[in-house]
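On a predicted model such as this, the values are computed, not experimentally measured, just so you know. Order of the sequence lines fixes the chain letters, A, B, ..., with proteins taken first and strands second; residue numbering starts at 1 for each chain.
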Amino acid sequence: MEPALGDGNPVPQGPSFSWAWMIAFLSKRLLLAIPTLLVASFLIFSLVHIAPGDPIQVMLGDFQDPELIARLRHEMGLDLPLFQQYLHWLGNIVRGDLGISITVQRGASVTDLILQRFAVTVELALLSLTIALLIAIPTGIVSALRQNKLSDHISRIIALLGVSIPNFFLGILLILFVGVYLRKPWGAGGYVPLSRGLLKNLAHMFLPAVALGTAYAAIIMRMMRSAMLDTMSRDFVRTARAMGIAPGDIVRRDIVKNALIPVVTVIGNSIGYLLGGSIVTETVFRLPGVGNLVIMGVFRRDFPVIQAVVLIIVVVRIVINLVVDLTYGFLDPRIRYGGER
Amino acid sequence: MSGLLRVEGLVTRFYTEEGVVKAVDGNSFHLEENEALGVVGESGSGKTVTALSIMRLIEAPGRIEAGRILFRGEDLLTKPEREMRRIRGRDLSMVFQDSLSSLNPTLTVGAQIARVLKHHTRLSSRARRRRAVELLAAVGIPEPEKRASHYPHQLSGGMRQRALIAMAISCNPKLLILDEPTTALDVTIEAQIFELIGKLKGEFGMGVFLITHDLSVVASFCRRVIIMYAGKIVEEAPVGDLYANPLHPYTLGLLRSIPPLDGEAERLESIPGEVPDLINLPPGCNFSPRCHLADERCWQREPELLEASPGHRVACWKAGKGGKGG
């Protein structure tokens with residue numbers, strides 16, 4: 001047998017997934033994050049200061065002593081030119097200091113305020129994500145496999161509702177339903193930390209997570225469905241059928257596996273939606289999370305709190321995108337070994 | 001003579017929103033064991049749809065409307081899908097055109113071959129793995145052990161096509177359908193692939209149904225050839241006969257559009273006009289709008305596929321009147 005000679009194209013050499021490649025990839029991405037964060041910090045700072053409202057006014061209420069106002073402004077550095085304030089803020093952030101709260105909890109470190117609440121938001125987001133994925137992926141798969149049949153239509157209608165109903169409204173409906181009709185105290189507000197028992201914690205977290213996760217599930221389900229339909233018409237599915245592969249195996253290894261690749265990107269990209277949604281959800285369910293903190297910050301014009309929380313959200317987004325890209329490489333060998341070609 | 005494959009009056013149509021596409025329109029042909037049959041025609045002539053009909057892989061909105069497909073004496077069109085699944089990949093196999101899109105990008109080449117074996121044999125998973133490597137070696141892939149663990153995108157086009165062939169022959173099929181297996185490859189690789197297929201055909205004694213638009217490939221590889229035009233067989237002949245004595249004006253046109261290897265090239269001719277719309281076919285002979293010989297009868301009545309000499313069939317009112325080479 002003649003050995004197959006090259007056909008003019010460079011023949012790529014074997015698989016060589018390497019840590020070196022991954023470290024190079026990560027450091028490149030982290031370097032790219034620096035300019036992104038700079039631009040974001042500038043935008044956040046400008047927007048917060050352009051918006052009307054003054055923390056001192058909020059603090060003093062009707063008691064308006066010009067001298068006191070001037071003194072407080074000076075103390076907090078609010079009398080400096082804006083650009084100087086920005087540089088000052090930026091300098092502190094680089095040193096790991098997110099600033100001191102003005103009105104939410106006067107004198108408290110913003111870092112502490114966020115840390116106290118971070119666990120709640122992370123739990124809410126993860127729980128919502130889990131609920132969303134558990135609903136969306138199977139529904140999307142079934143919907144695509146039974147395209148234009150009754151079950152497909154039903155799940156598509158529910159998905160449309162899920163996308164259309166604002167999650168605060170769904171939250172209120174859920175509270176009403178569970179509290180008034182089922183007479184259970186779930187979601188009636190308050191929060192029990194995970195350390196006091198999983199069930200007690202879930203009793204308070206489940207409804208908010210459902211409220212937040214529903215719309216997200218709907219988005220993912222639609223994406224999964226269309227990715228499945230797209231993959232089903234690809235050539236390699238026909239090849240598998242031509243080889244007599246059983247339908248279950250084709251669905252699993254040809255269709256679902258390849259359909260997941262674009263879906264993971266969408267899941268990652270719309271995690272920003274989860275973060276935004278958590279602000280509203282935490283308010284509706286009175287959960288002491290970061291979203292709740294930023295709302296208080298906005299109402300009381302607490303500049304350092306708003307700026308810090310929004311900046312943290314940007315950082316989280318960047319990290320999530322990085323994780324998504326790594327997951328993508330895990331799912332798709334063409335990207336995993338992409339560095340070789 | 002029952003033959004390996006006997007297709008009778010096959011009609012396959014696609015019910016699209018624009019209308020009914022008559023992709024394959026009442027064709028009959030046969031294929032003997034260990035025989036290579038070439039099917040030649042332009043894109044849209046119904047070659048691939050014929051192959052997919054034999055495999056029973058026509059999907060909605062397409063439908064096989066009529067005919068019989070006798071494979072080793074049994075009509076595939078009456079078989080339940082479960083049984084078809086056992087036949088596909090085992091007795092009846094197919095290699096597709098574009099090897100990159102025809103292989104699953106997220107499974108290694110070895111795993112894709114082993115998977116076919118899993119569905120058709122009782123081999124253990126280790127034995128399947130070993131057999132996959134043997135098959136890759138059999139189709140001439142160097143370092144088969146290593147290549148088995150590669151993903152399709154890591155192989156060159158020629159190697160991918162070989163891997164696809166290895167997958168198709170993994171269970172020693174009786175009939176191998178090749179749908180333009182070398183379109184995406186260089187000429188040198190094309191020659192290697194056909195050499196390989198010829199060798200495998202001899203080894204396994206399988207029938208080969210070769211779809212191509214390249215008459216020169218057919219000349220060197222096949223014993224008989226079918227010419228298709230707009231969903232219909234217009235001429236069928238032993239290869240030598242077809243080249244020496246083409247009877248259909250369309251075949252003549254095809255032959256004239258190949259540059260001769262010997263002597264001075266005359267001006268290459270192309271066939272004027274284009275393939276008719278398969279939804280609105282002309283009333284008479286499908287080729288009549290492009291045919292320089294066509295007259296009243298050609299425009300109005302469809303010619304039947306009739307035997308002109310033993311083994312040589314043609315569907316043309318003017319058969320042989322085009323003049324050989326002139």
Side-chain angles (χ1 to χ4, degrees), chain A residues 1-17 147-149 227 229-262 264 328-341, chain B residues 52 55 57 59 81 84-90 92-98 100-108 111-112 115-116 118-120 137-143 146-147 149-159 162 164 167-168 170-171 177 185-186 188-189 192 195-196 199:
Chain A
M1 172 60 57
E2 282 283 309
L5 297 171
D7 51 3
N9 301 320
V11 178
Q13 288 308 308
S16 43
F17 176 76
Q147 193 194 359
N148 293 330
K149 304 237 171 73
L229 290 176
D230 189 51
T231 312
M232 278 154 78
S233 64
R234 302 265 294 274
D235 286 350
F236 57 80
V237 175
R238 190 178 59 180
T239 306
R241 295 183 61 208
M243 296 299 143
I245 308 289
D249 193 350
I250 294 181
V251 168
R252 240 183 1 262
R253 287 205 275 179
D254 290 304
I255 305 177
V256 172
K257 199 172 176 199
N258 282 286
L260 274 176
I261 294 169
V264 166
Y328 208 84
F330 175 72
L331 280 172
D332 190 345
R334 283 166 297 186
I335 293 177
R336 197 182 325 157
Y337 303 127
E340 312 294 321
R341 299 202 77 172
Chain B
L52 291 175
M55 297 289 294
L57 285 176
E59 284 179 74
E81 176 61 23
M84 273 314 292
R85 274 208 295 280
R86 276 202 293 275
I87 294 172
R88 284 188 209 120
R90 192 187 64 189
L92 184 58
S93 208
M94 182 159 175
V95 173
F96 295 93
Q97 247 186 66
D98 179 355
L100 185 58
S101 65
S102 298
L103 287 165
N104 184 335
T106 57
L107 284 180
T108 63
Q112 295 190 52
R115 176 158 98 127
V116 179
K118 184 181 178 183
H119 284 275
H120 297 297
V139 295
I141 290 182
E143 299 179 87
K146 191 173 128 198
R147 291 299 178 188
S149 62
H150 281 190
Y151 290 93
H153 75 279
Q154 295 173 292
L155 304 182
S156 67
M159 268 199 259
R162 283 168 192 266
L164 208 53
M167 184 154 63
S170 60
C171 301
I177 299 176
L185 303 176
D186 289 352
T188 47
I189 305 296
Q192 289 178 18
E195 196 181 318
L196 168 69
K199 181 174 159 279

**Asked** Among B/R115, B/R90, B/M94, which has the most heavy-atom pairs under 4.5 Å with chain A?
**Response** B/R115

**Request:** Would you mind checking which part of B/I87 comes under 4.5 Å of any heavy atom in chain A, side chain (CB onward), backbone (N, CA, C, O), both or neither?
**Result:** neither

**Item:** B/N104 (side chain) donor-acceptor with A/R253 (main chain) under 3.5 angstrom
**Value:** yes

**Asked** Picking from B/R88, B/E81, B/M167, B/E59, which has the most non-hydrogen pairs under 4.5 angstrom with chain A?
**Response** B/R88

**Prompt:** In this structure, are over 12 heavy atoms from other groups packed under 6.0 Å from B/K118 atom NZ?
**Reply:** no

**Greatest number of heavy atom pairs closer than 4.5 Å to chain A - which of B/A111, B/S102, B/P152, B/G89** = B/S102

**Message:** Between B/Q112, B/M84, B/H120, who has the most heavy-atom pairs with chain A when the cutoff is under 4.5 Å?
**Reply:** B/H120

**Asked** Between B/V139 and B/L196, does a side-chain contact (heavy atoms from CB on, under 4.5 Å) hold up when you go through it step by step?
**Response** CA-CA 7 Å; B/V139 295; B/L196 168 69; 3.8 Å; yes

**Message:** Consider side chain to side chain donor-acceptor pair (under 3.5 Å). Of B/H153, B/Q154, B/R147, which one does B/H150 pass it with?
**Reply:** B/R147

**Asked** Stepwise, does the side-chain contact (heavy atoms from CB on, under 4.5 Å) test hold for A/T231 with A/F236?
**Response** CA-CA 9 Å; A/T231 312; A/F236 57 80; 3.9 Å; yes

